[in-house]
Amino acid sequence: MSMEPEFEQQLPDEDEALDAYSRLVIRVAESVTPHVAAIEMTSTGRRGQVRVGSGSAVVYTGDGYLLTNAHVVAGIQSGRVVFADGKHTDVELVGADPLSDLAVVRGLKSTPPPARLGNADSLRVGQLVIAVGNPLGLAGSVTAGVVSGLGRSIPVRAGEHRRVIEDVIQTDAALNPGNSGGALADTKGRIVGINTAVAGLGLGLAVPINRTTQRIIASLLKDGRVRRAYLGLVSTPIPLDASAVVRTGQKEGLRVVEVIAGSPAERSGLQPGDLVLRAQGRAVSSAESLQKLLFEEAIGEPFPLTVLREGRTFQLIAVPSEMSQQPG
């Protein structure tokens, strides 16, 4: 009788599937990593240069502009980026938008060519995505996972105040401190998101790259800021039940998870549990569809919301305020 341990025989197609998955992740990692840098923002104090914020950044244009998170730059005007091959350059802040948690910095020396950008609107739940960043100072780190959810909005704390980051991608790709500002790529190596936060064990979040964020980035490049209208609600998209579909003519809406204290949403009478169906007369079924309506022209103007509450449909009027650009 043989004393050698017996191992379960793996079927050939299982080997092939694993190899195909590995090859795919490797290919994406190799194409994306050269465009992702570690970033350190610094401030001058009594003892010289002091590191204030750190994370990752992605080369966005051929003339040296990079995308990162607003919370990474933290209002600091200068810093340094280092790429996986060791090349580095000083950077200066161009602009930041706290509501989307996006910021643009400009390299003062040459940078690698820009990453290829995709469109997050084409993502589907369950789709494979690859995160590339510099967690814990480890350059060019790669993790893979799937899209766990789309159209999320999350509250974030800045000093004593709370804000809401809209329309984030939820993924189970492992993210750690330092991943913020790094790339979330699809299987073709296109950047579909900028990693923004770790929400909890096994849960990562990324700002999508789509028409709305392209508009935000264009404003940052042009003016250094984005004038944004602010409502102050946390929401999640949900399908309507059959009776609600018949009554409203819509299949989806936005469930209000939380209303920020003192916000325009609270002053309008909006409550947690409400289902927002329409805003300014337009159907809304994702945080992004609501965010599209909350740019400069909505500030200080009546903003009608059609709401379903306890089986009754009615209209509320909010008056969005301007999103503060100052931390805290």
Side-chain angles (χ1 to χ4, degrees), residues 99-100 120-127 146-157 161-172 197 199-200 203 205-208 210-212 228-295 297-323:
L99 187 57
S100 65
D121 290 345
S122 66
L123 290 176
R124 299 177 63 184
V125 172
Q127 183 173 337
V146 298
V147 174
S148 308
L150 294 166
R152 306 297 199 215
S153 62
I154 57 167
V156 293
R157 184 168 293 279
H161 298 270
R162 300 181 74 198
R163 298 191 172 109
V164 178
I165 299 176
E166 303 278 7
D167 191 38
V168 296
I169 303 165
Q170 177 185 324
T171 174
D172 67 354
L203 179 60
L205 303 169
V207 180
N210 54 26
R211 285 188 179 182
T212 301
R228 301 291 301 272
Y230 170 69
L231 274 181
L233 60 92
V234 181
S235 64
T236 187
I238 67 163
L240 275 61
D241 60 35
S243 61
V245 171
V246 172
R247 290 198 307 275
T248 66
Q250 287 184 221
K251 294 182 179 181
E252 296 177 304
L254 279 178
R255 174 73 70 188
V256 178
V257 177
E258 183 180 0
V259 177
I260 305 301
S263 69
E266 184 185 58
R267 291 193 291 271
S268 76
L270 202 65
Q271 299 175 8
D274 285 348
L275 191 64
V276 179
L277 302 175
R278 305 180 74 82
Q280 288 189 330
R282 302 181 187 182
V284 290
S285 57
S286 69
E288 198 252 346
S289 62
L290 181 59
Q291 184 182 345
K292 287 178 180 178
L293 306 175
L294 291 170
F295 283 94
E297 56 271 18
I299 297 170
E301 297 294 328
F303 194 85
L305 298 167
T306 303
V307 175
L308 180 64
R309 180 189 295 168
E310 297 178 349
R312 186 168 67 92
T313 303
F314 58 96
Q315 190 169 89
L316 300 174
I317 303 295
V319 180
S321 58
E322 182 171 0
M323 175 69 189

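Taking each heavy atom of Pro272 and Glu258 in turn, the nearest pair found is CG-CA, 4.5 Å. Nearest heavy atoms, Gly232 versus Ser263: O-OG, 3.3 Å. Closest of all the heavy-atom pairs between Phe303 and Ala279 is CE2-CB, 3.8 Å. In terms of heavy-atom proximity, Glu301 sits nearest to Glu297 at CG-O, 3.7 Å.
Between the side chain of Gln250 and the main chain of Ala283, no donor-acceptor pair closer than 3.5 Å is present. In this structure, Arg267 contributes its side chain and Gly262 its backbone to a donor-acceptor pair below 3.5 Å.
Annotation: the span from Leu308 atom CG to Leu254 atom CG amounts to 12.5 Å, rounded to 0.5 Å. Atom-to-atom distance recorded for Thr171:OG1 and Leu123:CG is 10.0 Å, nearest 0.5 angstrom. Rounding to the nearest 0.5 Å gives a distance of 11.5 Å between OG of Ser285 and CD1 of Ile238. Once rounded to the nearest 0.5 Å, the distance linking CD of Gln271 with CG of Leu316 reads 8.5 Å. Atom CD1 of Ile169 and atom CG of Leu150 lie 6.5 Å apart (nearest 0.5 Å). Atom CD1 of Ile260 sits about 11.5 Å away from atom CG of Leu270, to the nearest 0.5 Å.
With a 4.5 Å cut-off on side-chain heavy atoms, Leu294 and Tyr230 do not count as touching. The shortest side-chain heavy-atom distance between Lys251 and Leu240 does not fall under the 4.5 Å cut-off. The shortest distance between side-chain heavy atoms of Pro320 and Leu231 falls below 4.5 Å. In this structure, the side chains of Thr306 and Thr248 stay at 4.5 Å or more apart for every pair of heavy atoms. Contact check for Ser235 versus Val276: no side-chain heavy atoms found under the 4.5 Å cut-off.
For Pro304, the side chain to side chain contact (heavy atoms under 4.5 Å, CB included) partners at least two apart in sequence or on another chain are Gln280, Gln315, Ile317. By the side-chain hydrogen bond (donor to acceptor under 3.5 Å, both in side chains) test, Glu252 pairs with no residue at all, sequence neighbours left out. With sequence neighbours excluded, the residues forming a side-chain hydrogen bond (donor to acceptor under 3.5 Å, both in side chains) with Arg309 are Asp274, listed by chain and number.
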